[in-house]
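Throughout, a chain's letter reflects where its sequence line sits, starting with A, and its residues are numbered from 1.
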Amino acid sequence: MFRHDSPEEAAFRSAARTWLEANLPMALRGRTNRPPPAELMPWYRTLSGKGWIAPHWPKEYGGMGATLNEQIIMAEELARVGAPQLPAQGLNHIGPILIEFGTAAQKAKHLPPIIAGEVIWAQGYSEPGAGSDLASLATRATLAGDRFTVQGQKIWTTWGHHSHWMFALVRTDPRAEPRHAGISFLLLDLHSPGVTIRPIRTIAGDDEFSEVFFDNVAVPAENLVGKLNDGWRIANALLGHERLGTSNPQFALIALERIKTMARATGVLADPGFRDRLAAASIGVTALLALFNHAVELTNLQRSLGPDASIIKIYGTELLQSLNDLLLEAAGSDAAMANPVATNFGEVDVSTPFLQVRRATIYGGSSEIQRNIVARRVLNLPQ
Amino acid sequence: MFRHDSPEEAAFRSAARTWLEANLPMALRGRTNRPPPAELMPWYRTLSGKGWIAPHWPKEYGGMGATLNEQIIMAEELARVGAPQLPAQGLNHIGPILIEFGTAAQKAKHLPPIIAGEVIWAQGYSEPGAGSDLASLATRATLAGDRFTVQGQKIWTTWGHHSHWMFALVRTDPRAEPRHAGISFLLLDLHSPGVTIRPIRTIAGDDEFSEVFFDNVAVPAENLVGKLNDGWRIANALLGHERLGTSNPQFALIALERIKTMARATGVLADPGFRDRLAAASIGVTALLALFNHAVELTNLQRSLGPDASIIKIYGTELLQSLNDLLLEAAGSDAAMANPVATNFGEVDVSTPFLQVRRATIYGGSSEIQRNIVARRVLNLPQ
Amino acid sequence: MELHLTSEQTLLRDSAAKFSAAAGPQVARAWRGREPNFAPERLREAGELGWLGMLVPSAADGLGLGLTELALVLEQAGRGLVCEPIGLAAIAAAALAQGRAPHPMLQRAMRGEALVVPAMQESAHGGDPLAPATRAADNGRTPRLTGTKVSVCAGGAAGFLISAAGPDGPALYYVPRDAPGVHVAAAPTVEGRKLATLTLEAAPADIVPPRRSSRSAVEALTDLALVALSAELLGVMQGAQELTFAYLRIRKQFGKPIGSFQALQHKAVDIYIKTETTRSLLYQIAAANDPYRIDPELAVAVKAKASEDALAVTQACIQLHGAIGFTDEHDIGLYLKRAMLLSSLFGNAAAQRRRYAGIAGLAM
Amino acid sequence: MELHLTSEQTLLRDSAAKFSAAAGPQVARAWRGREPNFAPERLREAGELGWLGMLVPSAADGLGLGLTELALVLEQAGRGLVCEPIGLAAIAAAALAQGRAPHPMLQRAMRGEALVVPAMQESAHGGDPLAPATRAADNGRTPRLTGTKVSVCAGGAAGFLISAAGPDGPALYYVPRDAPGVHVAAAPTVEGRKLATLTLEAAPADIVPPRRSSRSAVEALTDLALVALSAELLGVMQGAQELTFAYLRIRKQFGKPIGSFQALQHKAVDIYIKTETTRSLLYQIAAANDPYRIDPELAVAVKAKASEDALAVTQACIQLHGAIGFTDEHDIGLYLKRAMLLSSLFGNAAAQRRRYAGIAGLAM
């Protein structure tokens with residue numbers, strides 16, 4: 001809508017589209033919930049075999065070394081074919097962090113299994129007492145000799161119960177002031193003795209998250225990333241990218257299409273009152289596309305978005321919620337059906353995406369926390 | 001809609017309606033801005049002559065001693081005939097306060113001229129540095145012998161430049177803690193030497209408000225209401241009534257009719273998208289009527305609304321703003337016309353009520369302050 | 001705000017609160033996905049307490065109470081996420097008690113021994129409930145109904161009250177579940193109960209005549225259903241906000257209870273305002289209307305407001321809970337799911353606003 | 001968020017900001033109610049700076065720039081409440097430059113010596129701008145226009161660009177103000193300028209042919225007007241938020257700057273989000289579209305969003321100012337009034353959404 005492919009980009013898009021259409025199994029398309037590893041990882045490995053699993057990684061580490069535009073084209077084409085979301089903590093978080101901050105040994109050990117789809121990673125940041133106030137985290141890692149001993153608990157760990165490794169923020173200096181100055185960044189093997197993992201079922205019926213307990217878990221000192229007590233900086237270094245990722249307009253476009261299908265099926269599309277709200281929603285999606293494209297342009301110019309990334313997250317996730325409100329409205333008295341609703345235009349899942357999107361304004365920094373960030377760091381309002 | 005007149009009430013309503021239709025001058029009906037005193041006060045005195053100027057005052061002070069239901073009937077009938085708003089600080093504020101807290105001499109001196117429409121009163125609470133934070137007011141009244149000397153400034157004084165007297169909160173103990181314990185309630189003759197009044201023009205083009213400056217103004221000690229330093233309690237004693245008054249659903253009903261007329265005139269009433277918003281607005285007005293009636297019921301039972309009165313103010317004034325947003329929408333490209341718009345259904349003033357209602361969520365305690373009050377005093381949320 | 005109740009009404013509410021306290025989220029969770037998804041003995045208990053016949057005139061052995069009493073009980077039912085379909089059963093009993101001689105099912109329905117539920121809706125958006133497409137053919141003796149009803153809370157129902165176009169216009173009929181030509185196809189909701197599509201092929205039915213004060217039996221039951229659903233939605237809002245305000249007082253972040261943060265306080269106040277304005281609207285309507293002849297403009301208005309506000313409130317409550325709020329383990333999500341169901345039945349908020357514009361004459 | 005601009009674009013913006021800083025609320029206030037309500041020499045200055053001919057192709061002696069440059073200048077005009085109708089003049093000049101030979105008025109219009117403004121709207125809600133009811137009768141030589149145009153910014157205009165149904169369908173015409181059969185009736189707006197109703201009775205007109213890249217001259221000018229108005233609305237939002245955020249930092253209550261209260265901070269962030277999303281939408285559209293052929297779905301979308309957001313933002317800014325905000329003495333009210341005017345012209349937000357639903361095919 002706002003961006004046109006260069007000839008090279010168009011060729012890449014066309015190749016990607018053809019290949020994805022031919023290779024993505026039908027059973028994996030258009031799923032509202034993320035399929036379990038047994039279903040999902042073969043597809044991960046298929047993409048990996050093609051060399052397309054990590055568009056944004058440098059080629060030397062098994063990535064495509066793609067431009068940002070190519071990465072977006074890939075995301076658009078994956079969305080277009082209805083591809084399921086892949087486990088992203090390895091590809092999008094610890095991968096880039098190790099590439100930037102890891103030792104040669106850490107890179108050599110951990111990067112290839114991510115590319116190959118052999119190791120699934122989990123992120124260990126949040127704790128029961130440290131959600132919005134992440135700096136107050138209490139999981140302790142005590143260094144003695146050549147190993148840390150980790151004691152504590154992480155929560156809201158995406159796919160924790162399917163994961164093999166975790167990168168975590170742990171407290172290594174309990175007396176540090178400010179508190180985030182006593183936090184280190186550690187890699188933990190989840191098969192270590194003393195680790196217990198409990199999946200958490202969500203209101204949408206999936207088990208995307210888990211709790212992870214550490215009871216005197218031994219971690220080799222070589223698993224420290226960066227320097228001791230420098231974990232806060234490392235974890236935050238690439239956050240802008242994450243916010244850009246969670247606000248990918250593809251989710252909104254899919255939601256918009258789902259609304260249209262449902263409204264066509266129930267006949268409410270003929271009501272101009274509904275159409276007015278659909279028009280407003282569609283204009284909102286157009287604005288999100290513009291905002292995203294604007295952010296991509298600036299990122300392409302190597303200008304950091306800084307705290308402005310927060311407004312993309314706020315706008316994108318709140319728009320996604322209002323889209324799902326409209327989906328509920330379109331469904332009428334089918335709004336509360338647990339399973340996809342059969343219509344003349346195919347099955348439409350109403351309640352799952354509606355319930356799933358509750359979490360979008362909470363995790364990755366709630367809308368309230370994002371607004372605090374913007375107020376202080378962008379608008380310079382007083383504390 | 002929710003309340004039905006008793007036979008006596010129906011008779012009163014009918015008498016009021018007939019008399020108002022016969023006696024309210026045409027030129028005063030349906031005015032969006034309050035007419036100036038020269039136009040308005042003759043009508044005030046006509047009502048006074050009929051004995052209907054103060055429905056809620058006891059008969060011994062010249063009121064009607066009316067029941068709450070009769071007061072509401074009177075308000076409804078006044079609204080129905082399009083009567084202008086009368087100056088209310090005497091009738092609704094200082095009158096009831098003096099009846100409750102005044103000395104016999106104060107009552108004898110001040111109440112009859114209010115009833116007669118000879119003296120217009122102004123309220124002197126807000127100051128430039130004390131708006132939301134009223135307790136921080138700085139206007140000083142120093143008692144020496146039998147008189148106070150007043151030094152300072154009031155602002156947002158409704159009709160200050162048309163008023164003869166002011167009831168004011170003044171600081172009589174600068175060292176008191178908490179600060180509101182050093183405030184007294186004083187009556188000031190605005191014709192006293194040292195008083196300067198400057199009208200403030202609003203964005204709606206009226207001059208409802210003024211600034212009042214006091215430069216060593218002498219005030220007899222007998223003008224103190226209640227005890228020294230007890231002014232805060234006196235000023236707050238009857239606040240619930242004020243909030244009920246400012247959220248009188250009559251304003252919302254008038255706004256709703258204005259929208260319908262404008263929408264009919266511009267043809268947008270035929271658009272189901274607009275009608276959907278009109279339906280939502282109309283349902284909102286119905287809810288306000290219910291909320292108001294509920295509050296009246298409880299007040300009739302002598303149960304104080306307490307801080308719950310704040311939610312009527314919040315809901316009523318924010319609804320009134322959304323109604324005026326809809327009026328603007330209905331007017332299309334006539335939205336910004338300064339003067340009433342001529343239509344096939346009569347003249348409709350669009351911009352004046354829209355601009356006037358900006359102030360509704362600000363004065364009398366802003367929506368933000370009201371929400372603070374509800375959060376702490378109704379929901380018992382921690383400080 | 002406090003309601004102005006008689007001492008009898010206060011006792012009734014307290015009794016309903018007790019019944020409701022014995023339910024609650026944990027019980028609602030346990031009943032999810034079962035068929036029926038409630039305890040038949042608890043429905044009988046509600047019958048013994050007189051609630052199922054509360055609207056039934058005393059001449060027909062009911063309590064002959066009004067909408068205020070119905071609302072008080074159903075608000076508590078919503079608040080405690082009660083699974084027993086007390087509201088549907090009570091309004092069905094009221095309908096069965098219409099006419100000169102009450103329907104033979106009335107006694108069992110009032111006692112909670114046989115559940116009768118309305119089956120009035122024909123499309124996902126409600127359409128015009130007063131103009132059903134279901135046909136009632138009168139072959140001289142027994143009316144026979146043909147048509148389809150959707151979104152019917154059929155779980156455990158022994159029979160249905162069905163609106164259909166009869167020889168004299170729209171009328172209300174009773175059809176036993178096991179009558180020939182009745183087909184019930186149910187699918188699960190997020191909330192734990194199932195919603196069924198009812199297919200009628202020349203199913204034999206009894207006509208249920210209107211009460212003298214009603215405009216029609218179909219209209220009376222429709223408006224009653226809207227008020228009953230609104231009362232339960234109010235209770236859902238009430239229960240959700242209680243849970244949430246309590247959480248705001250105890251959960252700490254940044255060394256302070258999160259309820260001390262002004263932005264969250266203001267969100268809490270907005271929740272409270274939605275709940276209280278819905279409460280005032282509901283109970284003012286209840287006090288001013290005969291259960292058999294509710295002003296349709298008001299019935300539609302309160303269902304529109306309650307449906308919209310209950311969804312908004314329960315969503316906001318989840319947001320205020322943070323991450324715990326979107327887990328199935330925490331109770332707050334159950335309130336959202338109950339709101340999703342109740343707000344959608346008999347026409348969602350937008351469908352009610354469409355009807356409202358017509359009834360209130362907004363196009364003229 | 002920062003825009004990605006060339007150095008020429010940055011210079012242009014800085015120059016527009018300077019022009020705008022010499023205007024500002026005080027000057028806008030001084031011009032209220034005057035006729036015309038702007039300084040003719042300032043319009044000529046804008047002409048000398050090349051802004052009025054910025055979209056005019058270089059072959060016709062213009063700068064041949066694009067929508068980004070137009071938006072940069074008009075954003076600054078809105079931000080400084082500039083009274084001179086630079087946007088209307090610039091898009092009128094672009095229209096006059098269409099066809100093989102530019103219209104004779106073009107040179108004077110580009111220099112700011114003669115103001116030409118569009119007069120396209122026929123009803124308060126805009127209607128379908130591509131199907132005008134104004135008729136152009138072709139009696140062999142000179143087309144003659146009959147019809148009525150509303151909400152025309154006629155103050156100081158020497159002539160009008162008028163959409164009318166001609167022999168070959170809708171077309172654009174130029175009509176001098178002093179032509180026979182032209183009647184202009186103006187009434188004041190809250191913002192200071194007047195809006196006029198233009199009555200045309202067989203008024204002689206020149207046809208303005210479309211540019212080759214356009215779908216039609218009427219559509220090109222309509223879409224250009226929507227983008228130009230959106231750019232000025234963005235500037236209004238920007239100016240209002242700057243004033244407000246500064247106030248939040250200095251105004252104290254309860255012993256603290258009010259900008260430290262979380263509830264006000266979050267409102268400020270919502271204002272910022274509305275401004276920034278409108279900015280991204282506007283400039284992404286500007287970068288991707290030819291000024292003579294704007295995707296109508298996008299033109300309508302940005303006018304819908306800018307109109308709605310500018311009203312919401314300026315209202316919220318008044319609320320954040322408290323009592324001072326609703327006085328005429330304070331400047332913030334001027335931004336609301338400017339937003340009221342610009343959001344209403346060429347169809348308000350709701351009218352744009354109606355058109356959007358059709359253009360974007362939402363009913364299919």
Item to complete: Determine whether the side chains of T32(A) and D349(A) contain a donor N or O and an acceptor N or O closer than 3.5 Å.
Response: yes
Fill in: Non-neighbouring partners of A335(A) that pass side-chain contact (heavy atoms from CB on, under 4.5 Å), sequence neighbours left out
L328(A), A331(A), S344(C)
Worksheet, complete the sentence: Checked L301(A), L379(A), N293(A), V378(A) vs chain D; the most non-hydrogen pairs under 4.5 Å come from L379(A)
Worksheet item: Measuring heavy-atom distances to chain D, does R3(A) have an atom under 4.5 Å in its side chain, in its backbone, in both, or in neither?
Response: neither
Worksheet item: For chain D, which of L291(A), L289(A), T286(A) has the most heavy-atom pairs under 4.5 Å?
Response: L291(A)
Worksheet item: For A270(A), is it the side chain, the backbone, both or neither that has a heavy atom under 4.5 Å from a heavy atom of chain D?
Response: neither
Response to the item:
The interface call for Q262(D) against chain A, heavy-atom contacts under 4.5 Å, is side chain
Worksheet item: Side chains of Y247(D) and E242(D): donor-acceptor distance under 3.5 Å anywhere?
Response: no
Discussion item. Distance alone, cut at 3.5 Å: any donor-acceptor contact between the side chains of H4(D) and N300(A)?
Written reply: no
Worksheet entry | chain D contact via L278(A) - which portion, at a heavy-atom distance below 4.5 Å | both
Worksheet, complete the sentence: Bottom line for A287(D): the part with an atom under 4.5 Å from chain A's heavy atoms is neither
Worksheet item: Which region of S367(A), side chain (C-beta onward) or backbone (N, CA, C, O), has a non-hydrogen atom less than 4.5 Å from a non-hydrogen atom of chain D, or is it both or neither?
Response: neither
Worksheet item: Which one, H294(A), E297(A), E368(A), leads in non-hydrogen pairs under 4.5 Å with chain D?
Response: H294(A)
Fill in: Engaged part of I258(D) at the chain A interface, taking heavy atoms whose separation is under 4.5 Å
neither
